[in-house]
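The model shown is predicted, which means the values in this text are computed figures rather than measured ones.
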Amino acid sequence: MNIRLGHPSDADDAYMFYALAAGKIDTGDYQFELVSQSVQTLNDWATRGELEITGLSVHAYAYARNRYHLARCGASFGQQCGPKIIAREPSALAELSHSPLAVPGNTTSAYLALCLFKPGLRTMLLPFDKIIPAVQMAVVRCALVVHEELSALEQAGLCCLVDLAQWWATRNDSLPLRLGC
């Protein structure tokens, strides 16, 4: 039996699937096809039940709960480090309400945290790999980056205005921000 297993396309999730991808475990009659996609794509697919097993955002699970059950393992949390609001210069924080903020998806947990941080912000959807270039080229003043882009942030010369996991922890007795499942 072939089972399609969706996982985010970032390096820090690769360890979760290594044993399966490298043939280190006996899967019996089951054959797994690993499907690597952006978090937003996996979230969209999950709401339609397109994969047999998938990783998805905790936020998106609310829309896919009738199609999937949560596993007892395999979750991600932002423990004092998580989704970030970024810009070219630190002064942009005061400008958040004045121009659209680029986001990689509206069912990501990062997006939900952004909405809790500052309700009513205008947003603009961009693929996760287009967000940092959009900020660098001043197409948008600020953006929300999720784990796929965090490693490129410093190299791009951009600054973090707010780490939403840190913001969350200060308001919730140091609890980590739940991100993926």
Side-chain angles (χ1 to χ4, degrees), residues 4-14 35-51 54-68 75-78 81-168 177-181:
R4 292 169 299 144
L5 191 154
H7 64 90
S9 55
D10 61 319
D12 69 340
D13 283 334
V35 180
S36 177
Q37 288 293 329
S38 73
V39 172
Q40 183 61 42
T41 299
L42 293 174
N43 290 345
D44 290 343
W45 289 358
T47 62
R48 298 187 298 270
E50 292 186 17
L51 298 171
T54 190
L56 71 158
S57 297
V58 170
H59 180 196
Y61 183 69
Y63 306 104
R65 72 184 188 282
N66 61 335
R67 299 183 184 275
Y68 294 94
S76 61
F77 295 84
C81 181
K84 293 174 176 37
I85 301 171
I86 63 161
R88 290 170 56 183
E89 64 276 333
S91 61
L93 186 58
E95 306 287 325
L96 275 180
S97 299
H98 303 305
S99 59
L101 181 118
V103 298
N106 56 10
T107 59
T108 65
S109 299
Y111 179 79
L112 180 57
L114 173 70
C115 292
L116 293 171
F117 171 72
K118 193 149 177 79
L121 286 178
R122 291 184 303 147
T123 60
M124 168 181 163
L125 289 175
L126 283 179
F128 78 90
D129 59 338
K130 305 290 186 215
I131 288 183
I132 286 179
V135 176
Q136 288 176 308
M137 296 183 294
V139 173
V140 292
R141 186 157 172 81
C142 301
L144 175 66
V145 291
V146 295
H147 56 280
E148 285 110 334
E149 302 100 353
L150 292 178
S151 59
L153 188 58
E154 285 185 22
Q155 290 177 340
L158 302 175
C159 61
C160 173
L161 302 178
V162 177
D163 182 311
L164 292 171
Q166 291 177 359
W167 167 81
W168 175 264
L177 178 61
R178 180 77 187 265
L179 297 171
C181 53

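You'll find the side chain of Leu114 stays beyond 4.5 Å of the side chain of Pro83, heavy atoms only. Within the 4.5 Å cutoff, the side chain of Val39 has no heavy atoms near those of the Leu179 side chain. Within the 4.5 Å cutoff, side-chain heavy atoms of Val135 are placed close to those of Arg88. Using a 4.5 Å heavy-atom cutoff, the side chains of Leu56 and Pro8 are not in contact. Residues Tyr111 and Val146 form no side-chain contact, since every pair of their non-hydrogen atoms from C-beta on lies 4.5 Å or further apart. Inter-residue side-chain proximity for Leu121 and Ser97 is flagged as met; some heavy-atom pair is nearer than 4.5 Å. Contact of the Val103 side chain with the Leu126 side chain is not registered, since no non-hydrogen atoms from C-beta on lie closer than 4.5 Å.
With hydrogens and angles disregarded, a donor-acceptor distance shorter than 3.5 Å links the side chain of Gln136 to the backbone of Ala156. Put simply, the side chain of Asn43 gets close to the backbone of Ser57: a donor and an acceptor are under 3.5 Å apart. Judged purely by atom type and a 3.5 angstrom limit, Tyr68 uses its side chain to pair as donor or acceptor with the backbone of Leu51. For Ser99 (side chain) and Arg141 (main-chain N/O), no donor-acceptor pair under 3.5 Å exists by modelled atom type. At distances below 3.5 Å, at least one donor-acceptor pair connects side-chain atoms of Arg65 with backbone N or O atoms of Ala62. Here the side chain of Thr54 pairs no donor or acceptor atom with the backbone of Leu42 at under 3.5 angstrom. Judged by distance alone, the side chain of Asp163 and the main-chain N or O of Lys84 form no donor-acceptor pair under 3.5 Å.
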What do the steps show when you test Glu50 against Arg67 for salt bridge (Lys or Arg N to Asp or Glu O under 4.0 Å), and what is the final call? CA-CA 10 Å; Glu50 292 186 17; Arg67 299 183 184 275; over 6 Å; no
Run Ser109 and Leu177 through side chain to side chain contact (heavy atoms under 4.5 Å, CB included) and show every step you take. CA-CA 9 Å; Ser109 299; Leu177 178 61; over 6 Å; no
Check the pair Met124, Val140 against side chain to side chain contact (heavy atoms under 4.5 Å, CB included), reporting the backbone distance first and the verdict last. CA-CA 9 Å; Met124 168 181 163; Val140 292; 3.7 Å; yes
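To the nearest 0.5 Å, atom CZ of residue Phe128 and atom OG1 of residue Thr108 are 12.5 Å apart.
If you check the side chains of Thr107 and Gln40, you find a donor sitting under 3.5 Å from an acceptor.
Checking Thr123, Ile86, Ile131, Leu164 one by one against Leu144, the side chain to side chain contact (heavy atoms under 4.5 Å, CB included) holds for a single residue, Leu164.
Residue-environment remark: CH2 (Trp167) exceeds the threshold of 12 foreign heavy atoms within 6.0 Å.
Residue Gly82 comes nearest to Ala165 through the heavy atom pair N-CB, 3.5 Å, listed as atom of the first residue, atom of the second, then distance.
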